[in-house]
Novice: 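Got a structure here, written out as structure tokens. Questions coming.
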Number of protein chains: 2
Amino acid sequence: MSIRHGLLALLERGPRHGYQLRAEFDAATGATWPLNVGQVYSTLDRLERDGLVAQDGDPDPDGRIAYRLTDTGHAEVRGWFASPVSPKGAPRDELAIKLALAVTTPGVDVLSVVQTQRTGTMTALQELTRLKTRAAGDDLAWSLVLDSLVFRAEAEIRWLDHCEARVARAAAARPQNAVVPVSTTGPAVRR
Amino acid sequence: MSIRHGLLALLERGPRHGYQLRAEFDAATGATWPLNVGQVYSTLDRLERDGLVAQDGDPDPDGRIAYRLTDTGHAEVRGWFASPVSPKGAPRDELAIKLALAVTTPGVDVLSVVQTQRTGTMTALQELTRLKTRAAGDDLAWSLVLDSLVFRAEAEIRWLDHCEARVARAAAARPQNAVVPVSTTGPAVRR
DNA sequence: GACGTGGGCATACCGAGTATGCATACTCCG
DNA sequence: CGGAGTATGCATACTCGGTATGCCCACGTC
């Protein structure tokens, strides 16, 4: 859903054609999440089909097609900015799933999984701070996106510490659960 | 990619068929990211095609097909747990994109967007803490997933405060860009 | 001045993966 | 019989990355 709304927001600045939209999207987010070229066109087709954008007059001698917002499209953009991002639509968090499966799967060393991830996240965090010092002042949008990644990485590290403590505590509480083969314990195998 | 690896990790416990896999996945994550039933089967087909799982013997009188890990599949699971989640594969962050576009689009009141989002996130956070007190001790995996969501929401709020400060500072630096009411100010409708 | 070569712009298509929903079938149970 | 739960498969739509195609322009060369 974010591409759809992203393109609409960019069109709020005025009519654009596909290639321009891709370039401005990349510029706004500092190429953190580069937008695939082909995707822009299919998304534009869908937006036109749904009546949120329309071709801006002439197909252009060079074959370029500029799009502009319709009234419905304008309303959609305003509504997007006026409403918070729903927490329900959050995508699957791969790391959380991985840890959740690690603690419930026998024979997996959860502590080492946590430690591996922490060093990985720390490395990413250092890379981020390096980027931030380089391109600090000039581009506000790009800088905010970087900050978002930093805040998220820091939260991830805190969460990993938290997991380590809780897992260690649970392991100490009942050390007999060393390695249990689960083979037969499926829930409610009907016959 | 997370579904693929998730199913593999579940099969590490022993042979299962599709419906069971879905049920156990939902149980592990506390139905936070419910797994679509149809998706399990198509993913299993792809895994079988790629040689990571194999049908476990008989097609079963009731038509059920149980799958088990192959040696390649085992290796894949071990590799997944042994390597950190890559920061490059992070999905597009809708909120970050929204803010980045808000600050670069004329006629959008960034401060009100930030405040709307903050109240929304706070509400979600309260809901999470309520859930956490209810189902705290019994299920470690589900509890860790909840904590992950809490840590993330807190980081989001911190980031929103940070954004507010930076935007306010930037606005103070060049106050001619005051605040244009969003309703009528469609920028540059060319004709 | 003619040529062709390479690079940037712009659009379009393809294949694989992801996601959701619907149709089906079968069993158990009231 | 009809509804709920188990189990599988198909249809559809969107995402994503790569790639082909054409076009113009700048450059250098003969």
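The sequence lines fix the lettering, A, B, ..., with proteins before strands; numbering per chain opens at 1. What you see is a predicted model; the values in this text were computed from it and never measured.
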Novice: Could you pick out which residue, B:G38 or B:S42, lies toward the 5' side of DNA chain C when each is mapped onto its nearest nucleotide?
Specialist: B:S42
Novice: Taking only the side-chain heavy atoms of B:R64 (C-beta and beyond), determine which of C:dT11, D:dA7, D:dG9 contains the nearest atom.
Specialist: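 Selected nucleotide (nearest to the side chain): D:dA7.
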Novice: Ignoring backbone atoms, establish whether B:Y41 has a side-chain N or O less than 4.0 Å from OP1 or OP2 of D:dT8.
Specialist: yes
Novice: Starting from the C-alpha separation in whole Å, work towards a yes-or-no answer on salt bridge (Lys or Arg N to Asp or Glu O under 4.0 Å) for B:R46 and B:D50.
Specialist: CA-CA 6 Å; B:R46 255 173 278 134; B:D50 299 344; over 6 Å; no
Novice: In whole angstroms, how far is the P atom of D:dA7 from the CG atom of B:D26?
Specialist: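 Whole-Å distance recorded here is 14 Å.
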Novice: Taking the side chain as C-beta and beyond, is there a heavy-atom pair between A:T133 and A:T129 under 4.5 Å?
Specialist: no
Novice: Just to be sure I understand the rule, does A:V37 reach a base, reach only the sugar-phosphate, or reach nothing, if contact means heavy atoms closer than 4.0 Å?
Specialist: base
Novice: Looking at C:dG8, I'd like to know if its phosphate oxygens (OP1 or OP2) sit under 4.0 Å from a side-chain N or O belonging to A:R22.
Specialist: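 It does not, given that no N or O in the side chain of A:R22 lies less than 4.0 Å from OP1 or OP2 of C:dG8.
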Novice: Should B:W159 and A:D147 count as side-chain neighbours, where that means a heavy-atom distance under 4.5 Å?
Specialist: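 With C-beta onward as the side chain, the pair touches.
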Novice: Roughly how many Å is it from CD1 in B:I3 to C1' in C:dT20, rounded to a whole number?
Specialist: 12 Å
Novice: Nearest to the side chain of B:N36 - C:dT20, C:dT18, D:dT6?
Specialist: C:dT20
Novice: For C:dT18 and B:Q39 - does any side-chain N or O of the residue sit under 4.0 Å from the phosphate oxygens OP1/OP2?
Specialist: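 Indeed not, no polar side-chain atom of B:Q39 lies that close.
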Novice: So, is A:R46 near the phosphate of D:dC14, with a side-chain N or O under 4.0 Å from OP1 or OP2?
Specialist: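 Answer yes for this pair, as a side-chain N or O of A:R46 is under 4.0 Å from OP1 or OP2.
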Novice: Distance-only criterion, 3.5 Å: show the donor-acceptor pairs between side-chain atoms of residues 30-37 of chain B and protein atoms not counting sequence neighbours.
Specialist:
unit_1 : atom_1 : unit_2 : atom_2 : d
B:T32  : OG1    : B:T29  : O      : 2.6
B:N36  : OD1    : B:G38  : N      : 3.0

Novice: Establish, with yes or no, whether the OP1 or OP2 oxygen of D:dC16 is under 4.0 angstrom from a side-chain nitrogen or oxygen of B:R92.
Specialist: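 Checking B:R92 against D:dC16: at least one side-chain N or O falls below 4.0 Å of OP1 or OP2.
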Novice: Taking only the side-chain heavy atoms of B:R49 (C-beta and beyond), determine which of C:dG17, C:dT18, D:dT15 contains the nearest atom.
Specialist: C:dG17
Novice: Heavy atoms only, 4.0 Å cut-off, all strands: where does B:G18 land among base, sugar-phosphate and nothing?
Specialist: sugar-phosphate
Novice: In whole angstroms, how far is the C1' atom of D:dC14 from the NE2 atom of A:H5?
Specialist: 15 Å
Novice: A:I65 CD1 to C:dA12 P: how many Å, rounded?
Specialist: 5 Å
Novice: Are B:H17 and B:Y67 close enough that their ring centers fall under 6.0 Å?
Specialist: no
